Amino acid sequence: MSAPSGDTAMNPAPIDYCSRCGKPGIAYHDGKYWACPACGFVYYHNVAASASVIIEHDGFVVMLRRNRDPAKGLLALPGGFVDPDERAEDAAVRECREETGLAVTATKFVGSWPNTYTYRDVWYKTCDLYFSAVFSGDLSVFTAEAGEVSSLELVAPADFETAPIAFESARRALIAWRDGQ
Ligand SMILES: [Zn+2]
C-alpha cells in the first residue's frame, strides 16, 4: 500500500481521505492547510491561540504541576486555549479560575511566543499569549482542577532557566517578564 501523497512526517493529523469527496490523496501543504486534488476542498489548520497568566506572589511566580499529557508532571502557567469569540485577556482569567480557583485581575500583556502542542494524534501550532496578573488574596483558596492540575508550585524568578517547565514558550515569557521588571 502506498503512502498518502504529501509529506506525512509533517502531517499534523491522520487525515488521509477527503472529508468532502471521500477520495484518498488529500495532502498537507506549506505547514498550513490540506487540499484535495480530486475535488478542490481546502481546510486550513490555523494557529490556535492560548492565553496564560504570570502571577507574582511574595516574590515567587505561581505555577501548576500538570496532571495530564502533554508534558504531564511538568510545570505550566495557569492558562489554556482561547474560545471562539472570546478575548484573550478573558480566556487567561477564565482558565486560571478553572484550573486554580484563583480570581486574578489587572492583566497586562507581556508578549507572545510560538509553541507546538500535541494532543492525542494531532499537533497544533499555537500562538501562546502571556499576561501578568494580580492576585491579592490568600493562596489557601487554591483548588486544583480535577484531572488537569496536581499541585500549585511557587517558582523563584532566579530558577526560570532551570525549572522543569513544560513549554519553552512559557519559559521565554517568564524570562522576558522578569527581565523587563
Ligand atoms: Zn475531495
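Everything quoted here is computed from the prediction, not taken from an experiment.
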**Request:** Check the pair Ile55 / Val134 against side-chain contact (heavy atoms from CB on, under 4.5 Å), numbers first and verdict last.
**Result:** CA-CA 6 Å; Ile55 308 165; Val134 174; over 6 Å; no
**Request:** Treating Ile, Leu, Val, Met, Phe, Trp and Tyr as nodes and any side-chain heavy-atom pair under 4.5 angstrom as an edge, say whether Ile165 and Phe60 lie in one connected cluster.
**Result:** no
**Item:** same_hphob_cluster(Leu74, Trp113) at 4.5 Å side-chain heavy-atom cutoff
**Value:** no
**Asked** Does any non-hydrogen side-chain atom of Thr100 lie less than 4.5 Å from one of Val149?
**Response** no
**Prompt:** To the nearest 0.5 Å, what is the distance between CG (Leu152) and CG (Leu102)?
**Reply:** 7.0 Å
**Asked** Going only through I, L, V, M, F, W and Y residues with side-chain contacts under 4.5 Å, is there a path from Phe167 to Ile175?
**Response** no
**Item:** From Cys18, Pro12, Ser19, residue fulfilling side chain to side chain contact (heavy atoms under 4.5 Å, CB included) relative to Trp34
**Value:** Pro12
**Complete:** Looking only at heavy atoms, the pair that brings Arg66 and Ala166 closest together is CD-CB, 3.8 Å
**Close side-chain approach of Tyr43 and Ile26, heavy atoms under 4.5 Å** = no
**Prompt:** If you group Ile, Leu, Val, Met, Phe, Trp and Tyr by side-chain heavy-atom gaps below 4.5 Å, do Val155 and Val110 land in one group?
**Reply:** yes
**Request:** With the side chain counted from C-beta on, respond yes when Val53 and Pro78 share a heavy-atom pair under 4.5 Å apart, and no when they do not.
**Result:** yes
**Prompt:** Which residues pass the salt bridge (charged side-chain N to carboxylate O under 4.0 Å, His left out) test with Arg65, sequence neighbours left out?
**Reply:** Glu153
**Complete:** In short, Val47 meets Thr126 closest at the heavy-atom pair CG1-C, 3.6 Å
**Prompt:** Are the side chain of Thr105 and the backbone N or O of Ala103 linked by a donor-acceptor pair below 3.5 Å?
**Reply:** no
**Request:** Mind checking the CZ-SG spacing from Phe131 to Cys96? Nearest 0.5 Å is all I need.
**Result:** 13.0 Å
**Message:** Suppose the criterion is salt bridge (Lys or Arg N to Asp or Glu O under 4.0 Å): which pairs have a residue in residues 20-34, not counting sequence neighbours?
**Reply:** none
**Complete:** In terms of heavy-atom contacts, Ile54 and Ala173 come closest through CD1-O, 4.1 Å
**Asked** Does the side chain of Leu154 reach to within under 4.5 Å of the side chain of Leu139, using non-hydrogen atoms?
**Response** yes
**Item:** Glu95 (side chain) donor-acceptor with Ser52 (main chain) under 3.5 angstrom
**Value:** no
**Asked** Just by distance, do the side chain of His45 and the backbone of Trp123 share a donor-acceptor pair under 3.5 Å?
**Response** yes
**Message:** If hydrophobic clusters are built by linking Ile, Leu, Val, Met, Phe, Trp and Tyr wherever their side-chain heavy atoms come under 4.5 Å apart, do Phe142 and Val104 end up in the same one?
**Reply:** yes
**Interatomic spacing from CG in Leu77 to CZ in Arg171 - rounded to 0.5 Å** = 11.0 Å
**Asked** Could you state the interatomic distance from OG (Ser50) to OH (Tyr130), rounded to the nearest 0.5 Å?
**Response** 5.5 Å
**Request:** Could you tell me whether Asp69 atom CG has more than 12 heavy atoms of other residues or ligands within 6.0 Å of it?
**Result:** yes
**Prompt:** Salt bridge check: are Glu98 and Arg94 linked by an N-O gap of less than 4.0 Å?
**Reply:** yes
**Rounded distance (nearest 0.5 Å) linking atom CZ of Phe41 with atom SG of Cys21** = 9.5 Å
**Item:** More than 12 heavy atoms from other groups under 6.0 Å of OH on Tyr117
**Value:** yes
**Message:** So, using salt bridge (charged side-chain N to carboxylate O under 4.0 Å, His left out) as the criterion, who are the partners of Glu145 when residues are at least two apart?
**Reply:** none
**Message:** So Trp177 and Lys108, do their side chains get closer than 4.5 Å, heavy atoms only?
**Reply:** no
**Request:** Please test Phe135 against Val141 for side-chain contact (heavy atoms from CB on, under 4.5 Å), starting from the C-alpha separation and ending with a verdict.
**Result:** CA-CA 11 Å; Phe135 174 69; Val141 301; 4.0 Å; yes
**Prompt:** Considering all heavy atoms of both residues, which atom of Arg178 and which atom of Ala158 are nearest to each other, and what is their separation?
**Reply:** NH1-CA, 4.3 Å
**Item:** Thr116 side, atom OG1; Tyr124 side, atom OH - distance, nearest 0.5 Å
**Value:** 13.0 Å
